Amino acid sequence: MDFLNALVALSNFVLIPAMTYGSQLALGALGVTLVYGILRFSNFAHGDTMAFGTMSVILFTWLFQSMGISLHPLPTALLAIPFGIAATALLMLGTDRVVYRFYRAQKAKPVIVVMVSLGVMFIYNGLTRFILGAEEQRFMDGERFIIRAREFKEMTGLREGLAFKTTQGLTILTAVVVVIVLFWFLNKTRTGKSMRAFSDNEDLALLSGINPERVVMVTWIIVAALVTIAGTLYGLDKSYKPFTYFQLLLPIFAAAIVGGLGSPVGAIAGGFVIAFSEVAVTYAWKKVLVYLLPESLEPEGLVQLLATEYKFAVSFMILVIVLLIKPTGIFKGKSV
Amino acid sequence: MSQSFRTILLFGFVAVLIIGTGILQGPNLALVILNMGLVSAIMALGVNLQWGIAGLFNVGIMGFVALGGLAVVLTSMPPVPEAWAAGGVRAWFSVLLAACTVAGSALMFKRTRKGWLVGLMLLVGFVCYRWVRDPAVSAIEAVDPAATGYLGGLGLPVILAWPVGGLLAAGAAWVIGKTALGLRSDYLAIATLGISEIVIAIIKNEDWLSRGVKNVNGLPRPVPNEIDLQNDPGFVESAAGYGFDPTIASTLYVKIGYSLLFTVVLVILLVLAQFALNSPWGRMMRAIRDNEVSARAMGKDVTFRHLQVFILGSAICGIAGAMMTTLDGLFAPTAYQPLRYTFLIWVMVIVGGSGNNLGAVLGGFLIWFLWVQVETLGPGIMTFLTSGLAEGSELKAHLMSSVAHMRLLTMGVILLLVLRFSPRGLLPEK
């Protein structure tokens with residue numbers, strides 16, 4: 001019984017939140033990795049693109065809510081996601097046209113394009129704050145829980161409750177669907193194959209008649225979809241705040257680098273590695289240990305390795321360790 | 001147009017902007033802009049050393065600036081004897097223990113290459129560290145938490161904090177450089193970004209060190225206090241002699257004092273940086289930047305040189321950070337935001353002209369001026385732009401309230417325009 005209690009507490013506080021967070025990071029990191037693979041630069045505007053996508057979803061959600069459309073018991077935001085993706089894709093294609101294309105034609109050094117992405121980051125940052133403000137927004141509606149802690153206790157008779165939020169279920173489910181669709185696209189369709197060819201060897205791809213502008217366009221649209229979905233799921237699960245999204249840049253990049261920049265499988269693995277370690281290191285293990293250890297060994301403190309605020313430190317430490325041991329990441333990324 | 005004429009012209013233009021502000025919006029605002037402009041120019045000088053001369057992509061400037069601020073607290077605040085008695089030695093001993101653990105593990109990894117041994121060592125070290133630290137920290141933080149709750153500083157004159165800030169930042173840069181400088185530029189950027197976030201997280205959380213998010217205010221000042229001046233009959237009399245109100249005269253006097261101090265620091269650093277740039281060392285650094293492989297083939301120790309210039313540039317940022325905290329008279333860790341203290345400095349360097357020290361200084365002044373003025377002039381422009389809209393309309397109210405975010409947009413547009421049409425900046429490298 002104690003073992004079951006420990007297991008439930010572990011799932012409730014570590015496994016489920018880390019799975020959720022990991023899915024969100026994986027989707028974000030996929031976007032970073034695609035841009036790096038195809039366009040060959042680290043996109044510092046990624047976090048703010050995510051904020052923009054989420055913001056458009058929020059605006060559409062409000063529109064639908066005011067029109068009385070809802071998906072009850074699911075959040076209305078799900079309905080707004082396609083519209084949010086469209087808005088974000090338009091923004092990114094516009095940015096590419098006005099900003100990035102020039103440097104691509106010039107074959108500018110990657111670090112120069114990174115600088116350019118800093119400028120884009122400032123603009124997106126200003127744009128999202130200008131439209132929706134810098135405050136926190138909550139846009140979750142519909143049923144909040146799939147399983148409530150109290151119901152679970154009554155159902156099983158255990159002392160520990162297990163709460164499973166709708167947003168957590170949605171996040172994990174959506175991430176699985178998105179990843180399957182993305183891999184199908186990259187591996188089976190003609191466009192996906194041309195993208196991979198372009199990423200592997202640009203000159204060879206050009207020689208075999210692949211249109212680079214088309215590849216780039218498709219990439220931006222996919223990235224727009226990925227960031228909008230990731231951002232919306234994160235916003236539903238926690239809350240939307242432009243600054244938080246900007247800060248997500250670090251764990252997302254850490255995930256992409258740990259997995260190996262340019263490798264989609266790596267991005268997913270990296271996302272979960274980062275998420276699980278962040279949650280595990282900042283979780284107070286006392287609750288689980290109480291059930292597992294004999295009473296005489298019961299811990300006095302919270303057995304929390306690091307305060308929650310140090311979660312950035314965790315993603316960073318993993319990043320450094322992986323880079324020192326395997327400089328191209330777990331799944332052999334590339335480097336330009 | 002020759003380069004030196006262009007330099008004089010652009011610096012003259014900035015001077016006109018600041019003096020014009022003084023005439024149109026009052027000397028107080030002009031001095032505020034000037035003082036932070038001086039600090040920004042020093043930060044830009046530090047970044048220019050790393051990026052412009054050595055090609056290192058450091059986006060962790062905020063961390064070094066914050067360490068400079070921390071130095072002000074640790075150097076100049078009076079010590080809190082009760083807190084020291086409660087566990088000061090023990091707390092610092094735990095920090096020493098942590099440092100030894102990390103250093104020992106690094107050494108162990110180098111010698112043996114055994115991951116599990118290093119892991120074990122880190123684990124044991126961590127447990128010991130927490131065991132030593134936790135009681136001391138809670139004892140210190142329990143000492144009058146509303147007013148102190150930290151160890152305080154050394155009580156030394158605040159000017160000393162500036163070089164100390166530089167040293168602190170240099171020390172951090174050494175550790176970071178040792179681990180991260182071997183990485184490629186993008187990875188280095190992410191690594192430095194991460195480290196700066198960690199520095200801020202530590203400062204926010206370690207209440208025993210600098211009160212965390214409770215802020216340290218009332219930092220000592222290198223210039224007299226306004227209130228003291230106003231109560232000084234001699235000062236009031238001489239102010240009246242020039243036809244000034246004593247309140248205004250005292251604020252101006254204090255701000256000019258800061259300006260003079262900062263100018264001295266900027267001039268010293270700028271002269272040193274110019275000497276460095278034009279010396280054989282500077283030529284070597286540029287050679288390494290332009291072609292690392294051939295510089296290495298010529299027998300230059302690229303890794304060491306990168307570490308050296310990374311430490312120097314970071315130290316300059318640390319000095320500037322200490323000066324800024326002194327100017328504010330307040331150490332507030334929550335005020336450190338990467339957009340303001342990392343990326344804005346980058347805009348300064350790129351707009352001013354990377355690789356050119358004078359360009360970086362110019363960029364510091366110019367971008368800082370715009371950063372302040374877009375905020376003060378923004379509402380006026382927005383009022384003009386929305387004058388066609390009906391009074392009380394929701395759109396107008398919304399536009400007026402979001403005008404504060406205009407400056408992020410403006411900075412982005414400026415950066416993109418410069419990168420596109422004048423990629424080498426306003427004052428290009430010679």
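Keep in mind that this is a model prediction, so the values were computed, not measured. Every chain is numbered from 1 and lettered A, B, ... according to where its sequence line falls, protein lines coming before strand lines.
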ask   = Taking all non-hydrogen atoms of both residues, which atom of A/Phe122 and which atom of B/Gly412 are closest, and how far apart?
value = CB-CA, 3.5 Å
query = Closest approach of A/Tyr103 and B/Leu416, non-hydrogen atoms and distance?
reply = OH-O, 4.3 Å
key: B/Tyr187 vs A/Leu319, side chain to side chain contact (heavy atoms under 4.5 Å, CB included): CA-CA, chis, key distance, verdict   = CA-CA 9 Å; B/Tyr187 290 2; A/Leu319 177 73; over 6 Å; no
Under 4.5 Å from any heavy atom of chain A - which part of [X]:
X	value
B/Leu415	side chain
B/Ile202	both
B/Val418	neither
B/Leu417	neither
B/Arg407	neither

Of the backbone (N, CA, C, O) and the side chain (C-beta and beyond), which part of [X] lies under 4.5 Å from a heavy atom of chain B, both, or neither?
X	answer
A/Ile257	side chain
A/Ala108	neither
A/Val111	side chain
A/Val120	both
A/Gln106	neither

inquiry  = Check the orientation of B/Phe343 and A/Phe44. Use parallel for under 30°, tilted for 30 to 60°, and perpendicular for over 60°.
reply    =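 Because their plane-to-plane angle is over 60°, the rings of B/Phe343 and A/Phe44 count as perpendicular.
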Atom [atom1] of [X] and atom [atom2] of [Y]: how far apart are they, to the nearest 0.5 Å?
X	Y	atom1	atom2	answer
A/Leu127	B/Leu408	CG	CG	11.0 Å
B/Leu193	A/Leu249	CG	CG	6.5 Å
B/Leu419	A/Phe102	CG	CZ	10.0 Å
B/Gln337	A/Gln247	CD	CD	8.0 Å

query = In terms of heavy-atom pairs under 4.5 Å with chain A, which of B/Phe109, B/Phe126, B/Trp346 leads?
reply =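 Highest number of heavy-atom pairs under 4.5 Å: B/Phe126.
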remark   = Most contact-rich option vs chain A, by heavy-atom pairs under 4.5 angstrom, among B/Thr179, B/Val347, B/Ile195, is B/Ile195
message = Could you check whether any side-chain N or O of A/Tyr310 sits under 3.5 Å from a backbone N or O of B/Asn205, counting only pairs where one atom can act as donor and the other as acceptor?
response = no
request  = Please indicate whether A/Lys241 has more than 12 foreign heavy atoms, meaning atoms of other residues, nucleotides or ligands, lying under 6.0 Å from its NZ.
outcome  = no
request  = Taking atom CZ of B/Arg420 as the centre, report whether more than 12 heavy atoms of other residues, nucleotides or ligands fall under 6.0 Å from it.
outcome  =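 Count over threshold, so yes.
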Minimum side-chain heavy-atom gap [X]-[Y] below 4.5 Å:
X	Y	result
A/Phe316	B/Ile190	no
A/Phe246	B/Pro338	yes
A/Met121	B/Leu339	yes

